[in-house]
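These notes concern the structure reproduced below.
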Amino acid sequence: NKTNDAIRVGFMLPYTGTYAKLGAAIENGFRLALTELGDKPYGKSIDFYTVDDESNPAKSTDYANKIMTRDNVDVVIGTVHSGVAMGMIKVAKETGTLVIIPNAGANAATGSMCAPNVFRTSFSNWQPTHPLGKVMVENGHKKSVFVTWKYGAGEEALASFREGFEAEGGEVIKELFVPFPNVEFQAILTEIAALKPDAVACFFAGGGAVKFVKDYAAAGLKSSIPLYGSGFLTEGVLEAQGADAEGITTTLHYADGLQNPKNLSFREAYREAYNEEADVYAVQGYDAGLLLIKALEETSGDLSQKTQAIKAMEGAEIDSPRGVWTMSKSHNPIQNFYTLRVENGINKVIGTAWEGLEDPGVGCGV
Amino acid sequence: MDAATFFIQTMNGIQYGLLLFLVASGLTLIFGIMGVINIAHGSFYMIGAYLAWSLMGWVGNFWIGLVAGVMVALVLGLLLEWLFIRFLYDRDHLQQVLVTYGLILIFSELRSMIWGDDVHSVPIPELLNGSIQITENLAYPIYRLWLSGVCIVIAVLMFLGIQHTRLGMMIRAGESDREMTKALGINIGLIYRFIFALGITLAAFSGMISAPISSVFPGMGSQVLIVSFVVVVIGGLGSIKGAMIAALSVGLIDTFGKVIHLDIFGINIFPEMSGMSIFALMALILTLRPQGLFGREH
Amino acid sequence: MRSVIEARGLTKRFSGLTAVSDVSLSCEHGVIHAVIGPNGAGKSTLMNLLSGDLKPTSGNILIDGIDVTGSGSSQMSLLGVGRSYQRTNIYPSLTVVENCNLAVQSRSKFSMRFLSDVGSHPEVEVDTKNVLERVRLESVAQKRVSELSHGEQRQVEIALALAIKPKVLLLDEPLAGMGAEESLSIVALLQSIRSEFAVILVEHDMDAVFALADTLTVMLNGGVIESGLPQDIRSSDRVQAAYLGEDFSD
Amino acid sequence: MTDALMHVASLHAHYGLSHVIHGVNLEIKPGETVALMGRNGMGKTTLIKCLMGLLPASSGAIRLRGQDIKSLATHSLARRGIAYVPEGRGIFQNLSVKENLLLAARAGFEGRMEWTYDRVLDVFPRLKERLAHGGQQLSGGEQQMLSIGRALLTNPDLLILDEATEGLAPLIARDIWSIIGIVKKSGISSLIVDKNFSALAKISNRSVVMVKGAVVFDDVPTKLIEQPKELKTWLGI
Amino acid sequence: MLIFLPVFSELYYIQFASKILIMIIFVSSLNLLVGFTGLVSLGHAAFFGSSGYVLALLSPADTSMNLFVALLASMLCVGVLGAVFGAVVLRTKGIFFIMSTLALGEMLFYFLHDTAFAGGSDGIYIYDRPGFNLFGWWQLDLSNVSHFYYLALILVCLVLMLIKRIMNSPFGRVISGIRVNEHRTKALGYHTYKFKLVCFVIASMIAAISGFLAAVQFGVVNPEMVGWHASGHALMMVILGGKGSLLGPVLGTTTLMLVEEIFQEATKHWQLLTGIVVVLVALFFPNGLVGLKFSKKRSEI
Ligand SMILES: Nc1ncnc2c1ncn2[C@@H]1O[C@H](COP(=O)(O)OP(=O)(O)OP(=O)(O)O)[C@@H](O)[C@H]1O
Ligand SMILES: Nc1ncnc2c1ncn2[C@@H]1O[C@H](COP(=O)(O)OP(=O)(O)OP(=O)(O)O)[C@@H](O)[C@H]1O
Ligand SMILES: [Mg+2]
Ligand SMILES: [Mg+2]
């Protein structure tokens, strides 16, 4: 009963729970991108289907199945949580449905689990912390401590940080873990004070990021040991962190303050449409939309021509608010990473940490 | 770990323990003493934090916001008791679980509708904003110390209130035999309404005063729920003293679990498996003392 | 004749309070041994020791001459000790028949079978029927116990003790809460079955005690103050002062 | 009728679907001691539960000092001067003896304070020795004393005793009867259920006999003793 | 009607029905503890999840296992785990039992989540579903939705029959005695600990069946499967349906899953509506949804 006069787009995103905010931003960004297409692209309507994945990996294949099999969508935009994304990919491999991942960073998604029909417009966990080591060594910090939650994404971020940092001659003198999603950091901070590293690198996001940054400052460490992190440490939570975030240096593939024309117009349009400021998640959603448009252009709106669609997406050059990026062989963005520093309550771009960083796509036999 | 660090870590553990006690205090009342299983405890903690954020932001003063928040929580508690909980005292405990589970869903959604899903933080009040330098590069926030003080005060008040006042006796009597309590002329319904509301208020209050150091975010309720139950149960139902000791032990275990390195038979226990630590502690204590540390044997 | 159950120097202390101190007594088959004494004398505690519900601080318990001190209540029960409780201790939400079935089945070897049907063991129902007839509960057999009156519940309590076909029957105030007629019928019941068990009876109803008991032990403050034949006890000054009062002096 | 402390008229009560109390009429005058008798399961306890507001009556009237109290909550009934010693005693297991008593202590309906904590301990010296014990550690008899002492501490006008001397040693039972005597003398009305017919007959002003949820006899005890045949069928004596 | 569902229904709804069937097995096994034995467990998902893990760990990378061998292996491993857990938690009673089951469940959760031993927080994926080949002339293919559905349906029936059998057995009689008054049951001569342990193991093995099926259906196992949320959710279904009856878990599971499914379709605020339904049911049907049926019957009298 698949009608050929509609493009069926499914959102598999968290609409409830901790990541609900990200889910909303992604959907907003995505829809904004599609407005470029007008009302009836290629004479077809665009039908949207949604499923709230609750960020629960145990239900991931189930929800993926629901949107891919029952709703029979042409393409799925999802999701935020890495574990859920993996389940989704697993189902996508069976159904062959196109998938565009607008956030989840699990390396395997475009590594060992990679698939022709699975694309990512965000980042791999390997990416954001990889350039961090270089930035730290450039700033003269050779001995560092790494702090993260004990879970998949944290461990992947740590591994890539170590790789990048050691390649530049740095040394990770201690890895400190906090059980997920525990947010009591006092013990860790005391340990850091005792270890006296040159700098601290960390991987946190959301509520944990806010608390870590505030506690770090309250413990007085901010003035003696500089804090670095992957960009998610300050992204979207700067307001909550307030003055305590001042001076934190991070690396990320996007920054609100990027001064390219694309970004300025995107932010303007986003503000107009949703009456709020865009963030990296909105950009990732937006780029997912741009990527889909490439596929639609190539197939004149008929996504059932899968091979063409995939080919178009593989060869896409996305003119993104974050700067132009291309797809790697394993379907992950080859993109710039910027060095950001919090100054006066905003993430200021102070340089490009790495031009065109490509995830190694380990284990992907494409 | 040198002696100074060890000492500081111990202090951290105690301070965290006190915080846990505070978070669990409302549950000690409602569950430990009234015997009502309220699994929505975490939701009230979360609501407290969001209330603090919005009220304090609105009036622009921590203390006024705190008082206002306490009022709101009290009213909310009274209302909930009147609407739902009062029908449940004489019923199977599991019905209480079911109703409060429903409340979790309702509150998390209402929170999202009213306040959104953003992460926020609440500024530390001027009066308590500052810190004490303890080593050359480590400072201790005064607010945390104040928080510990509040926990101790609440613990003492609760202890005296429950063990040594008529009201405390009435609550405990009501738990043992409601009909008989009524037959002695005690309006146990009214008392329970207030105690329930008080428990809710305590939960919300702890959310409010933890907000400046814990930040305010959607999943914060479920995080404290389990640990609160752990504290109340390890301590033994109805025992304030037990809850305090349990909270301190959990605080210490959690603190040291994150920084000590411990291998057993080549398997890394700490910090690799420190997430398990408080549950292992609970399992161990309940195996040795099936009624909790200070629980009465039945 | 050898005693079926025997206590030697039983003592039980509860943090500070000695509820039972150095009590020795024994009971033979076919004998009703009554234990009386004022409230709080330690009678129920003694029963709890004999039934394994409590572990003695010191002293020994012998069943058929074999030392079984330290056995828990389920082991004691399997050794042939049946008991009724002073505070009614039955299955309120089950029917009278179900209550008894449980007791009867405890003597069988098939309780662990979870794949066979209860219907394939009709002997349980038969025994239950007999017990209910004995304690005159047939008329309420299908009622839930929680819907019975206090007195009827007390009868169920006794039925459970009888249903396990014990060697030793420990009855802790079986008549409490029973009406005059029910009391009489229970006394009659005990009379009719006395030859089958060794019975230790705790009871405050002195008419019943003197009607039933072959020997008497009188407890006070945890210890035994007198022990002997009913008529001797009745006339003992110490017992009168401590327990009976003058009403029973003749 | 107006001078009655408690007045019950054609009271009916059910447990779920089973009709247990069938149109009971009963009157308790101030200072009167009424014996409520009947075999097991005849509805004595159920009637008392209705009087205490613990079981809602299906129809009929209950008046206290002329005022309709049928729809009042149990605790306000107690506050109007009714005290209750239930069968099974209703001791608060998790409270100490002292707490059980202190919890109940208060002035009566008209502010009387005849029964105080100290007086109760004088009357029940046994309790004095057990003050710190938890409710569940008491012997059966000790619990009964505690329950009665607790009821007296509310300084009631009407004391309802269900199974007054159940489980009490003869000497103590005698004490209880004498306490009931003291209670009677101090002008407190009481409604007493007990199986000791002769003691009850001695002390009560009136005997009420229930059969299958209805009152079949309501007169002075001597009249009852004169009817051996009825005694046998109603009470099994 | 249930039998012919695959004939007329869309694929997705067959899968959804299978999901309900799987949960019915899980919830029924929990009901065996909660409703029939009076042991309220908040860690039952430990057995549900670990059964899936056993399958995932046993599954060879490139071929599919024999269904019955795999199922039996999972049940046995989980049975052993159940015996170990049970031996510990059964020392406690009441709320302490709830909390010790929670503790052991969460320990397992963190063990799976924090160590690399079984895929850590991401879990493991099962690529080749086990199957069964009857001498080459008939093939049970579990990636075929209808086949899977029938397997689940048959297992549900077997499990319900088994539980019914257990409850009508001498063992079941003792179990309900323990629920109502364990002290007296002990005094009657039953070694209650042993009975509870056997029951605990049986319940864990039945839960293993459902966990096994879930792992096969979803093709993924994850620490969330053993976490207390999963246990709690199942417990809600038991209470919602009405504990202590064979039908309760069936009603509770079906209702809650349907309600969630329908509300999820209807609105982003589906949790609000679900919450309201749960609260209302709890308030108005003190005995769960089965109570509804009984009260109707009663009013007819
Ligand atoms: N678990 C316990 N802990 C502490 N003290 C206890 C405990 N059980 C009983 N006692 C005390 O031991 C004493 C003896 O109690 P027991 O119940 O044996 O008396 P009893 O002779 O049966 O009295 P009654 O005739 O009133 O039933 C009492 O003073 C009681 O308070
Ligand atoms: N909760 C209940 N539910 C249903 N029926 C009950 C309930 N309690 C008592 N009954 C029934 O009501 C009748 C009256 O019981 P009640 O307890 O009033 O008797 P009683 O006169 O006090 O007897 P006893 O002297 O044995 O205490 C009995 O037949 C009993 O089976
Ligand atoms: Mg006794
Ligand atoms: Mg009665």
Side-chain angles (χ1 to χ4, degrees), chain C residues 47-48 51-53 71-85 87-95 97-121 123-124 128 144-146 156-157 160-161 163-166 170 172, chain E residues 28-29 32-33 35-38 79 82 90-91 158-206 242-245 286-287 291 294 298:
Chain C
M47 296 294 245
N48 285 336
S51 69
D53 284 75
S71 306
S73 62
S74 59
Q75 282 160 291
M76 280 306 223
S77 169
L78 293 177
L79 287 168
V81 180
R83 73 166 294 182
S84 74
Y85 288 84
R87 205 181 305 161
T88 309
N89 185 7
I90 51 186
Y91 302 95
S93 58
L94 304 186
T95 64
V97 168
E98 287 167 342
N99 267 270
C100 275
N101 281 344
L102 254 168
V104 171
Q105 189 189 297
S106 71
R107 300 302 111 172
S108 74
K109 287 201 161 43
F110 50 78
S111 285
M112 266 294 174
R113 289 191 199 160
F114 53 80
L115 291 178
S116 78
D117 195 275
V118 282
S120 54
H121 306 285
E123 63 271 26
V124 173
T128 292
R144 273 165 173 253
V145 165
S146 59
V156 176
E157 179 76 49
L160 290 192
I164 68 166
K165 297 187 180 154
L170 307 176
D172 196 355
Chain E
S28 297
S29 75
L32 188 59
L33 293 179
F36 292 126
T37 324
L90 287 170
R91 288 175 44 84
L158 286 179
V159 163
L160 290 182
M161 273 156 54
L162 173 71
I163 293 179
K164 186 160 187 223
R165 194 70 210 226
I166 292 175
M167 287 329 293
N168 285 328
S169 71
F171 178 81
R173 195 181 254 164
V174 181
I175 290 297
S176 49
I178 291 174
R179 178 190 74 236
V180 180
N181 185 345
E182 186 177 352
H183 178 217
R184 184 51 142 167
T185 310
K186 240 188 227 167
L188 287 178
Y190 295 105
H191 196 321
T192 54
Y193 181 84
K194 233 162 42 189
F195 283 86
K196 288 194 288 184
L197 190 58
V198 169
C199 190
F200 199 85
V201 172
I202 295 177
S204 67
M205 289 175 76
I206 298 178
K243 65 192 168 82
S245 81
N287 298 318
F294 291 139
R298 209 168 268 173

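Chain letters run A, B, ... following the sequence lines, proteins first, then strands; residues in each count from 1. Since the structure is predicted, the reported quantities are computational estimates derived from the model, not experimental observations.
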Smallest separation among heavy atoms of Cys199(E) and Ile175(E), with atom names: CB-CD1, 3.8 Å

Under 4.5 Å from a heavy atom of chain C, the part of Val198(E) involved: side chain

Max heavy-atom pair count under 4.5 Å with chain E, selected residue of Leu115(C), Ile90(C), Val81(C), Leu79(C): Leu115(C)

Donor-acceptor contact present, side-chain Thr37(E) to main-chain Leu32(E), <3.5 Å: yes

OH-CD1 distance between Tyr91(C) and Ile178(E), expressed to the nearest 0.5 angstrom: 8.5 Å

Nearest heavy-atom neighbours spanning His121(C) and Pro170(E): CD2-CG, 3.7 Å

Interchain contact, Leu102(C) with chain E, by part (heavy-atom threshold 4.5 Å): both

Short side-chain donor-acceptor distance under 3.5 Å, Asp53(C) and Ser73(C): no

Side chain, backbone, both or neither of Pro92(C) within contact of chain E (heavy atoms, under 4.5 Å): both

Pairs of heavy atoms under 4.5 Å with chain C: top-ranked of His183(E), Met167(E), His191(E): His183(E)

Rounded distance (nearest 0.5 Å) linking atom CD of Glu182(E) with atom OG1 of Thr192(E): 4.0 Å

Contact leader toward chain C among Ile202(E), Asn168(E), Ile166(E), where contacts are heavy-atom pairs under 4.5 Å: Asn168(E)

Proximity breakdown for Thr185(E) and chain C, heavy-atom pairs closer than 4.5 Å: both

Contacting region of Ser51(C) [heavy-atom separation from chain E under 4.5 Å]: neither

Most contacts with chain C, counted as non-hydrogen pairs under 4.5 angstrom, among Arg179(E), Lys186(E), Lys194(E): Lys186(E)

Gap between atom CZ of Arg173(E) and atom CG of Leu94(C) - 0.5 Å precision: 10.5 Å

